[in-house]
Each structure stands twice: as structure tokens, then as C-alpha cells.
Amino acid sequence: MSDPMRIRAAVKGEKVEVKILMSHVMETGQRKDAEGAVVPAHYITKVTASCNGRDVLSADWGPSVSKNPYLSFRFKGGAKGDKLKVTWTDTAGDSRSDEVSIG
Amino acid sequence: MNTPRATRRALLVGSLLLLAGAAQAETSTQDAIAEYREMFGDDNPAELWQSRGEALWHTARGPKQANLTACDLGLGPGVIEGAYAQLPRWFDDTQQVQDLETRLVSCVTTLQGIPREEFLKVKFGDGEKKSELEALTAYVVAASRGKPIALPMQHPAEQAAYALGKAAFSYRAGPHDFACATCHGDAGKRIRLQELPQLTTAAGAREAYTHWPAYRISQGELRTMEWRLQDCFRQQRLPQLKFGSEVAIGLTMFLAKNAEGGTLAAPGIKR
Amino acid sequence: MMLERRRFLQRLGHTGLAALTIASGLLPRLVRAADTRPAFAAEAIADALKALGIANPTKSDAIHFKAPDIAENGAAVPVEVESTLPGTREILLLVEKNPHVMSASFSFPDGTDAYVATRVKVAESSLIHAVVKTDAGAFYTDRLVKVTLGGCGG
Amino acid sequence: MISLRLPGVLAASLLAVSLPLYAAETAPDAAAAMQRSFEAKKQAGMDRLQQDEVQTLCTRYTTATLPAEAASRIQQASLATVKPPSDGQYLGDYKAGEKIAQTGTGLQSSDDPAKPNGGNCYACHQLASSELAYGTLGPSLQHYGKLRGQSPEMLALAWRKLYNAQADVPCSNMPRFGHQKILTEQQLKDVMAFLFDPASPVNQ
């Protein structure tokens with residue numbers, strides 16, 4: 001069970017500004033752990049975001065997005081109280097969605 | 001054959017001319033690094049550890065099926081706000097001077113009945129292997145953000161811990177004759193591009209101590225003071241510092257006392 | 001100051017800094033991650049772009065690309081890209097010297113700004129390319145980011 | 001070895017400090033507390049906590065506060081440990097020297113004992129102008145050979161600095177690369193070449 005994302009979404013003028021921190025190891029498959037064993041590749045490949053069901057962003061990621069990824073974007077047409085839902089899927093087939101109401 | 005003193009004077013003049021040129025390149029490097037740090041804003045992944053720690057604090061676990069809301073960090077059971085700003089300190093129930101991390105271990109073992117070895121199996125996280133100690137530490141430390149460090153320092157054992165920390169700080173040993181003081185004893189020094197705070201002064205100690213524990217970008221992990229000291233001794237080529245040992249707590253006491261009055265801003269974000 | 005800065009930047013690009021960060025084993029090229037998506041498996045910018053159906057993009061300064069001159073650690077390099085080109089659909093980030101150049105691609109439906117900020121891993125001092133796909137073709141800009149070996153070198 | 005009879009308390013006593021002293025402060029037996037607080041890990045054994053005379057004195061004093069009489073004793077004893085190159089050749093290969101200067105690993109519990117130790121010179125010194133990631137704990141060594149030339153005195157001084165810096169500056173922070181067997185004789189020669197060879201990047 002993965003840890004929840006920290007999502008900040010707030011109306012700024014006529015746009016909604018979103019800042020997300022995701023908890024993920026983003027292993028490239030080229031790192032060795034403390035005991036010297038190669039840690040297999042394990043990273044987020046797909047991120048989508050929607051506001052009240054309307055797509056507002058989608059992204060394809062490789063292993064060189066930094067560990068515990070940070071993502072920020074802006075969109076129009078969102079209002080205070082609307083639901084912003086963010087979903088990621090990774091190479092292990094795990095997926096996680098978190099939802100916040102826009103501040 | 002000119003005397004060594006004359007040769008040295010000639011060298012000094014020669015190198016001073018070069019320093020002027022180097023100094024100018026140096027400031028543009030430090031400015032660029034400051035710019036890099038600035039770009040992280042206040043989006044610190046340490047917050048992910050804080051929320052995991054908050055969940056752990058409030059979840060009933062262990063043989064006693066208890067959470068940690070009765071844990072006394074020195075300001076009374078369950079009080080976390082400002083607790084970190086007054087640690088390390090003496091605790092009557094354990095008859096020891098404890099830092100935050102050893103105190104959390106005491107709470108986990110006594111309140112929840114979880115054996116010490118089990119709780120500390122993953123002391124320092126590594127990717128998938130997550131550390132509960134680091135998460136709980138992040139949660140408690142964040143509740144002292146903005147608070148001035150103010151150590152009780154009444155009990156003789158607290159003063160002895162300070163004295164031991166001060167002595168250990170300059171204990172030179174190992175193949176390289178290193179002590180903490182070798183790198184942290186003078187102002188304005190750096191290793192490579194890594195600036196070194198002078199930890200024996202209030203200004204230097206505050207600059208460093210108030211930002212620990214911190215999220216380490218290079219590892220993608222939140223690291224605590226116990227890890228910081230243990231990893232420093234590893235780089236000093238010394239054997240391994242034991243978790244919660246006299247020297248670990250003594251050094252933390254020495255640094256915290258030197259940093260007294262400084263405003264806590266942890267968890268920080270570091271290289 | 002400008003001349004000094006340019007010489008300083010050129011000298012840095014391919015000398016001490018590059019060699020020593022490989023030595024630190026940040027991203028050795030030994031083990032291949034088996035990413036099946038062609039663009040993400042590509043090891044050169046041209047191959048990645050070809051896989052995405054992008055033929056040589058034109059350089060444009062209508063793309064604001066903020067990246068640090070020096071990164072104290074290549075594990076996380078903050079980058080921010082905003083395209084003022086009309087009809088921008090996607091922004092792509094590629095790191096030239098990484099074993100796999102393609103870092104990320106972001107696509108913006110109508111109503112979403114052609115803007116994104118994130119953090120990417122840069123194995124060694126390298127050019128980072130920001131490529132923008134618009135209705136009128138593909139454009140790009142790039143930034144040189146120096147990665148230093150921070151810490152006590154141990 | 002230095003025939004120093006140290007007073008009973010092996011540990012550091014407290015110096016006059018800028019910070020307020022505490023009434024109940026006692027001089028801790030730091031060495032005993034160190035023994036209790038550490039455990040061996042791989043190649044980093046507990047023997048490494050044992051202090052020799054130089055370490056004991058330089059724990060208690062710095063170069064500036066070291067009493068003159070103890071300073072000259074350290075200097076003479078350290079000078080006696082310096083072994084010049086067995087074949088009389090001070091300079092090795094500057095390219096190998098540069099690698100030693102750039103390599104920060106060696107002798108840590110996390111290091112492979114089979115691999116040669118690094119010198120980590122760039123941690124504390126500026127050397128080649130092209131390397132921006134240099135330290136400032138030690139003086140800049142930029143253009144070291146170009147400035148000094150290769151007279152016997154210069155080569156002997158630099159060799160002494162590398163082999164056992166205490167022979168020049170008692171309680172110096174410079175590690176004793178030769179005496180403590182951190183670098184082999186060949187590695188010391190390669191570092192010397194990196195400093196003195198006109199073709200070395202240090203002298204560009």
C-alpha cells in the first residue's frame with residue numbers, strides 16, 4: 001500500500017495552481033543498495049489529473065524523473081470546492097489515486 | 001641556499017596573486033548553488049515522512065495495541081509541540097539523558113510493547129525499506145518549527161553529556177587523525193563545494209542544527225541526527241557509532257546547546 | 001564579467017566535473033532498464049524524437065526554460081518550462097548525457113497552461129532539452145546544467 | 001616514538017572556552033566513552049579509536065595552543081618517521097596522481113579494502129584551475145610546481161608534507177598519508193608528479 005500524495009490545489013486569479021509531491025522510489029534499475037545488490041527498476045510511467053472528471057493533464061515518465069517526484073501545473077475552469085483527482089501508475093503495475101478539494 | 005623562511009615568503013606572495021582570480025570564480029559558483037537551492041521552494045518531500053509519522057503516532061499497534069498519544073517527550077504525555085526544541089534532556093522514567101530518537105524508542109517499547117530490535121530493524125530507510133523512526137521523527141520535529149531551542153540543562157547528567165560531546169568533538173583518531181573539529185572547527189571552510197558550518201560557535205551551530213533532521217536530495221530519504229553523526233564518523237574512517245550511545249547523545253547535546261536560541265526550521269532540505 | 005562567465009561555463013562542460021560524477025557511479029551504463037516504450041528506450045536525442053514522430057525541431061526563444069547553472073546534486077534538478085508558442089499541445093524533457101535521454105512528456109488539454117515544473121535526474125553535466133509540440137510543428141530550447149560532486153567525496 | 005609521560009588523565013581536559021562553563025562539568029574520560037559508543041564495522045575496527053601521542057596531544061591542543069616544548073617533540077619524532085622514496089625518484093605519473101586527488105574513497109567501513117585508497121586532495125585543496133569543486137580547508141595548491149620549481153629542497157618539503165605533515169606543522173589537520181599507510185609510496189610519487197610535473201593540469 002503506497003503512501004498518499006501531498007496535493008496542494010488553490011485558485012489563483014482565474015486559474016487553479018497545483019503542486020504535488022508523490023511518494024515513490026523511482027528506481028532506475030542501475031542503483032545498488034547498501035549490501036551491493038542491484039535494485040530492480042521500479043518507477044512511475046503514467047500520471048493523469050482531472051478536475052470534476054474533466055482531464056486537465058496527462059504525463060508519461062521515465063526513470064530519470066527524480067525520486068519522490070514533484071509536479072506543478074496550472075489550468076483554467078476550476079473553482080473552489082471542485083475535486084482535483086491525481087492518479088499515477090508504475091512499472092510494477094501499482095497505481096494510486098488521491099483527491100483533494102480545490103482551496 | 002635560501003632559508004626555508006625566505007622560500008615560504010616567496011610562495012606566499014605568488015599564491016596571493018592567484019587567490020584573487022580564484023576568489024572571483026568561487027563566488028559565481030556559490031551564487032549558482034544558492035540559486036539551485038532556491039528553486040526547491042517550500043515543496044520539501046520531507047512532508048511525505050511527516051504525514052506517515054502522523055499516521056504511525058495515532059495508530060494502535062504492537063502487543064499492547066496502543067498508539068503513541070501518551071508518549072511523554074519531556075513536556076507531558078502526548079505533547080509534541082515544542083518538544084524537539086528542548087531535547088536532549090534527562091528523563092526520570094528511564095534515568096537517562098535521551099535525544100528525540102531514543103525517546104521515541106522508549107515510547108514504542110513501553111507503550112506499544114514492540115521490541116526495540118523489531119522497531120529498529122530498519123533504522124535508516126533505503127528505497128522500499130521504510131523507517132518508522134524517521135517518519136515519527138519528521139512528524140515530531142515539524143511540530144517545533146519556529147520554536148527557539150531552549151535546553152533545560154539543569155540535571156548534572158545533562159551537563160556531563162554536554163561535556164562528553166565537547167570532548168568527543170575534538171577527539172582525533174583513525175588513519176586520517178580526523179576529529180569533528182578538523183572540518184567544523186573553523187569559519188568559512190568547505191569540503192569540495194560543501195560549505196562547513198563552524199559548530200563551536202552559536203552562529204555556526206544554529207545555521208546547521210536548526211535544519212536537522214532533513215530530506216537528503218542525494219539519497220531521496222529523510223535523515224535524522226543519529227544518522228548524520230553515524231555517517232560523519234563513517235567518513236572519518238572510524239568504526240560505527242552505536243545508535244543512542246553516550247557519544248551520539250553527548251555530541252547532539254553539545255551541538256544543540258551551541259545552537260541555543262536558534263529558531264528551529266526542520267525538517268530541512270539538504271544536498 | 002560575461003567573458004569570464006562564458007569561459008568558466010565552457011571549461012566546466014567537459015572537464016573535471018564530467019569525469020568525476022561518472023566515477024561516483026551515479027548512473028553507470030552497465031545495466032539496461034528494459035522500458036518497452038521506444039522513446040524511453042532511446043539513448044540519443046534524435047532517436048527519442050524520431051520515436052515520437054518529431055523531425056528536427058526549430059530552436060525558439062518563445063519557450064521559457066528555467067534550470068540551474070550548477071546542480072549541487074544530480075539526483076534532483078528543478079526545471080520549469082513554459083511555452084508561449086500558440087497551439088502548444090505537449091512539452092518534452094530530454095537529458096542528453098543520461099543513459100536514457102527521455103525524462104518525461106506532458107500533454108495539455110484545452111484550458112490547461114502550457115507550463116510544467118518538476119525535478120529530473122541528471123547523471124553528469126549535460127544539456128537538457130525542452131521540446132514543444134504545437135499545431136504548427138515542433139520547437140525546442142536547451143540549458144547546460146553542471147552537476148558537481150557534492151559532499152566530502154567519500 | 002615520543003617518550004612522553006602524559007599526566008594520568010588520558011582524556012582531553014577542558015580548555016578555556018568562549019561558551020559559559022557549567023558548575024557540574026567534569027572532564028569526562030572521553031576515550032572510555034568512545035570505546036563504549038562505537039562498534040567495529042568491516043575494515044573499520046575498534047583499534048582505530050586508540051590514540052597515538054600525536055592524536056592525544058592534538059585532541060587537547062591545536063597548532064596554535066600547543067606548548068612549544070611538546071611541539072618540537074612532535075616535530076622531531078614525526079621527522080624521524082619520514083622515509084624518502086626507496087629509489088630516490090620523487091615524481092611518478094601525474095595522470096595517476098590526478099585520479100588519487102579526485103578519489104574520495106578508501107579505508108571507510110563502506111569501502112572495498114581490495115581497491116587502492118584515494119587521497120581526496122580536492123576535498124581540502126584547490127589544485128587544477130579547471131576543477132571548480134575544490135575545498136578550502138587547506139591552502140590553494142594552484143600552479144604548485146610552476147611556482148616552486150623542482151629543487152631538492154622543494155621536493156623534500158612536499159614529500160615531507162605528504163608523508164607526515166606533523167614534521168612541518170605539529171597538530172596540522174593534514175592527514176599523515178605516508179606514516180599512516182593511507183597511500184603507498186608509488187601513490188605518493190604520483191601525487192608529487194600531479195603537483196610538480198609541468199604537463200600536469202595543476203601547472204596549467
Side-chain angles (χ1 to χ4, degrees), chain A residues 8 12-22 24-32 36-79 82 84 88 90-91, chain C residues 25-43 48 51-52 71 73-82 89-123 126 128:
Chain A
R8 287 203 182 108
K12 286 259 171 31
E14 29 96 24
K15 292 179 186 172
V16 173
E17 194 183 75
V18 182
K19 292 185 173 187
I20 309 166
L21 278 170
M22 304 172 198
H24 201 284
V25 291
M26 301 302 286
E27 288 290 351
T28 58
Q30 305 189 348
R31 186 179 75 88
K32 292 194 173 69
V38 173
V39 182
H42 180 204
Y43 50 88
I44 289 173
T45 49
K46 190 77 185 173
V47 178
T48 57
S50 61
C51 175
N52 284 1
R54 175 175 69 87
D55 285 346
V56 287
L57 182 88
S58 79
D60 295 296
W61 285 359
S64 63
V65 170
S66 295
K67 185 176 182 179
N68 297 319
Y70 169 70
L71 172 62
S72 177
F73 60 95
R74 295 186 302 248
F75 66 93
K76 289 194 270 296
D82 286 355
L84 181 78
W88 57 255
D90 70 14
T91 46
Chain C
L26 195 61
L27 267 183
R29 292 170 187 267
L30 314 170
V31 176
R32 278 285 166 282
D35 195 309
T36 52
R37 298 167 297 172
F40 288 95
E43 290 171 19
L52 293 165
N73 192 288
V77 176
V79 287
E80 197 176 56
V81 184
E82 179 148 20
R89 295 287 162 222
E90 277 182 55
I91 291 179
L92 317 166
L93 284 168
L94 302 101
V95 180
E96 206 169 275
K97 291 269 184 68
N98 276 358
H100 300 288
V101 295
M102 186 72 192
S103 270
S105 67
F106 303 87
S107 46
F108 312 102
D110 291 346
T112 299
D113 281 5
Y115 161 87
V116 69
T118 185
R119 295 163 186 168
V120 292
K121 298 173 194 173
V122 178
S126 171
I128 302 181

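Basis for what follows: all heavy atoms, side chains included, without hydrogens, waters or symmetry-related copies. Proteins get letters first, then strands, A, B, ... in listed order; numbering begins at 1 in each.
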Original post:
Looking at side-chain heavy atoms only, is the closest gap between C:F106 and A:W61 below 4.5 Å?
Top reply: yes
**OP:** Identify the heavy atoms of A:V65 and C:A104 that sit nearest to each other, and give their distance.
**Re:** CG2-CB, 4.1 Å
Subject >> Proximity breakdown for A:L21 and chain C, heavy-atom pairs closer than 4.5 Å >> reply: side chain
**OP:** Look at C:S105, C:A39, C:A76, C:A114 and state which one has the largest set of heavy-atom pairs under 4.5 Å with chain A.
**Re:** C:S105
Subject >> C:K121 versus A:M26, closest heavy-atom pair with distance >> reply: NZ-O, 2.6 Å
Original post:
Any donor and acceptor pair, going by atom type alone, linking the side chain of A:S64 with main-chain N or O of C:V120 inside 3.5 Å?
Top reply: no
**OP:** Identify which part of C:V101 has an atom lying under 4.5 Å from any heavy atom of chain A, answering side chain, backbone, both or neither.
**Re:** neither
**OP:** Kindly say whether C:A75 contributes a backbone atom to a donor-acceptor pair with the side chain of A:S66 at under 3.5 angstrom?
**Re:** yes
Subject >> Interchain contact, C:E90 with chain A, by part (heavy-atom threshold 4.5 Å) >> reply: neither
Subject >> Rounded distance (nearest 0.5 Å) linking atom CZ of A:R54 with atom CG of C:D110 >> reply: 9.0 Å
Original post:
What part of C:F40 gets closer than 4.5 Å to chain A, counting heavy atoms only: side chain, backbone, both or neither?
Top reply: side chain
Subject >> Least distance between heavy atoms, A:V56 atom then C:T112 atom >> reply: O-OG1, 2.7 Å
**OP:** Check the pair C:D113 / A:F75 against side-chain contact (heavy atoms from CB on, under 4.5 Å), numbers first and verdict last.
**Re:** CA-CA 6 Å; C:D113 281 5; A:F75 66 93; over 6 Å; no
**OP:** Can you measure from NE2 (C:H100) to OG1 (A:T28) and round to the nearest 0.5 angstrom?
**Re:** 8.5 Å
Subject >> A:T45 versus chain C, the contacting section by heavy-atom distance below 4.5 Å >> reply: both
Subject >> Part of A:K15 lying under 4.5 Å from any heavy atom of chain C >> reply: side chain
